[in-house]
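The structure appears below as structure tokens.
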Amino acid sequence: MTMDTEKLIARLAEVVEPVRPLPRPWIRMAAWLLVAIPYVALVVFVVSPRADLISKASEWRYVIEQVAALATGMTAATAAFASVVPGYDRKFLFLPALPLAVWLGSLGEGCVQDWIQLGPNGLSLQPDWFCFPAIVLVGAVPAIAMAVMLRRGAPLTPHITTAIGGLAAAGLGNFGLRLFHSQDASLMVLVWQVGTVFILTTIAAWAGHYLLNWRSIIGIGRGNVLMP
Amino acid sequence: MKQQLDDRALTTLMQAAQAGDTQAYVQLLKEIAPRLRQIVRGQRRFLKSEDIEDIVQDVLLSLHAVRATYDRQRPFMPWLIAITRNRLADAARRYTRRAAHEVQVENLPVTFSDEGTNIGSGEYRDPEALSQAIRTLPPGQRDAIEMLKLREMSLKAAAAASGTSVGALKVSIHRAMATLRKVLIKAS
């Protein structure tokens with residue numbers, strides 16, 4: 001062993017402190033939901049829930065889409081937390097694929113049904129600029145909580161991790177949005193709401209390297225640990 | 001020849017290290033350092049030994065920074081290997097980036113015969129005066145000279161060993177060199 005590495009080991013050992021091992025990814029997801037869900041509920045309450053919410057709860061399409069959006073958020077969060085644990089099976093990254101497919105499939109099927117029933121009028125597209133800021137608002141605290149929690153892990157795949165973390169927050173944001181925003185036309189939801197979710201996911205993926213990188217984590221370690 | 005500890009023993013040491021056991025942590029790091037060196041050398045045969053050592057130290061620092069991510073119910077080596085592979089990939093990216101910005105030049109002479117380029121070179125030839133001048137430096141500057149000039153450590157390794165930043169070390173070495181130059185010229 002060279003002298004430098006030996007010295008580094010001695011330094012690291014001098015300053016080693018007890019650490020609490022990170023809980024399993026699904027437990028961390030539950031902890032994240034404990035922060036995120038009350039905030040989403042608060043926003044829905046402040047903006048005021050849609051007037052037809054009770055009747056909507058008995059519409060199977062609305063229920064399937066809401067459950068799928070929530071499940072996408074939850075599975076994406078679990079996958080994101082698994083992706084910052086070294087040695088975890090990379091197959092976990094595909095966890096949100098199934099609920100996401102159900103979500104998109106249900107909306108796609110809705111578009112087909114609208115076209116069959118109403119013809120080309122059923123697929124008309126109007127601007128709905130409210131969706132973007134609303135999803136950002138509802139997803140803000142879940143996204144911040146996600147970023148803070150992800151930074152406690154190892155930045156093994158920064159872009160993928162923040163992309164699925166962003167998908168989790170935006171999915172939850174869309175779930176909240178549909179509790180107060182009365183827009184249920186499948187094509188409109190697909191383009192404006194799911195479109196916003198994918199834009200936010202892309203932005204999160206781009207920010208991955210800034211949010212999660214070894215330099216900052218080891219930098220913090222050096223600062224806390226190696227300074228005499 | 002020293003027998004290597006098995007994964008279960010390493011797992012036990014890591015669990016103790018997570019609980020703050022210094023002895024176990026030293027034993028663990030000393031046990032894995034040669035293995036890391038072997039893995040890095042196996043994967044990057046073309047690297048010089050100091051570059052291999054840089055990566056090994058990077059892995060040790062990374063392990064230290066994310067030691068909370070180790071799950072006590074899982075084996076230790078796959079966790080360590082995942083970190084090592086990741087740091088190796090980072091090092092490869094760094095190496096490629098650096099190589100892309102490097103300009104190959106011919107091995108030109110270090111100095112020219114013209115007198116103007118050799119001013120003062122004679123004044124630094126007295127090793128006793130030099131070591132005396134180093135002893136008079138403030139502790140931070142003296143450490144910087146010792147690590148970077150006398151022991152020829154890399155900036156990164158010296159920063160880790162001294163617990164300061166690379167930037168602070170650069171400032172210290174610059175000031176130390178200026179002070180030494182002034183002291184030696186005055187003495188001569």
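Every chain is numbered from 1 and lettered A, B, ... according to where its sequence line falls, protein lines coming before strand lines.
Across every non-hydrogen atom of A:Ala13 and B:Val26, the tightest pair is CB-CG2, 3.1 Å. Taking every heavy atom of both residues into account, A:Gly87 and B:Arg74 meet most closely at O-NH2, 3.4 Å. Contact record, A:Ile217 with B:Ala65: CG2-CB, 3.5 Å, taken as the closest heavy-atom pair. Considering all non-hydrogen atoms of both residues, A:Ile218 and B:Ser62 come closest at CD1-OG, 3.4 Å.
With a threshold of 4.5 angstrom between heavy atoms, B:Ala17 approaches chain A through N, CA, C or O but not through any side-chain atom. Contacts of B:Arg85 with chain A are absent, with no heavy-atom separation under 4.5 Å from either backbone or side chain.
In this structure, A:Phe94 places its CZ atom where only 12 or fewer heavy-atom neighbours from other residues, nucleotides or ligands lie under 6.0 Å away. For CD of A:Glu109, the number of neighbouring non-hydrogen atoms (other residues, nucleotides, ligands) closer than 6.0 Å is greater than 12.
Using a 4.5 Å heavy-atom cutoff, the side chains of B:Leu61 and A:Leu12 are in contact. Residues B:Glu53 and A:Asp4 have side chains not in contact (no heavy-atom distance under 4.5 Å, counting atoms from C-beta outward). In this structure, B:Thr69 and A:Val84 have side chains that are not in contact, with every pair of non-hydrogen atoms separated by 4.5 Å or more. For the pair A:Glu17/B:Arg67, a side-chain contact is recorded, criterion being any heavy-atom separation below 4.5 Å from C-beta on. Residues A:Val85 and B:Asp71 form no side-chain contact, since every pair of their non-hydrogen atoms from C-beta on lies 4.5 Å or further apart.
To the nearest 0.5 Å, atoms NZ (B:Lys30) and OG1 (A:Thr5) are separated by 11.5 Å.
The closest side-chain donor-acceptor pair between B:Asp58 and A:Trp214, if any, does not fall under 3.5 angstrom.
The candidate with the highest count of non-hydrogen atom pairs below 4.5 Å against chain A, out of B:Leu80, B:Ile83, B:Ile81, B:Val66, is B:Val66. Contacts with chain A were tallied for B:Thr22, B:Asn86, B:Leu60, B:Asp90; B:Asn86 has the most, counting heavy-atom pairs under 4.5 Å.
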Donor-acceptor pairs are to be reported for all side-chain atoms of residues 134-148 of chain B against protein atoms at under 3.5 Å, with residues two or more places apart or in another chain.
unit_1   : atom_1 : unit_2   : atom_2 : d
B:Thr136 : OG1    : B:Ala133 : O      : 2.6
B:Arg142 : NH1    : B:Arg135 : O      : 3.3
B:Arg142 : NH1    : B:Leu137 : O      : 3.1

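Screening residues 9-33 of chain B for ring-ring contact (aromatic ring centres under 6.0 Å, His included) gives B:Tyr25-B:His64 as the qualifying pairs, with residues at least two apart or on separate chains.
Contact residues of residues 197-212 of chain A toward chain B are absent (heavy-atom distance under 4.5 Å). Within residues 155-177 of chain A, the residues having any heavy atom less than 4.5 Å from a heavy atom of chain B are, in residue-number order, A:Pro155, A:Leu156.
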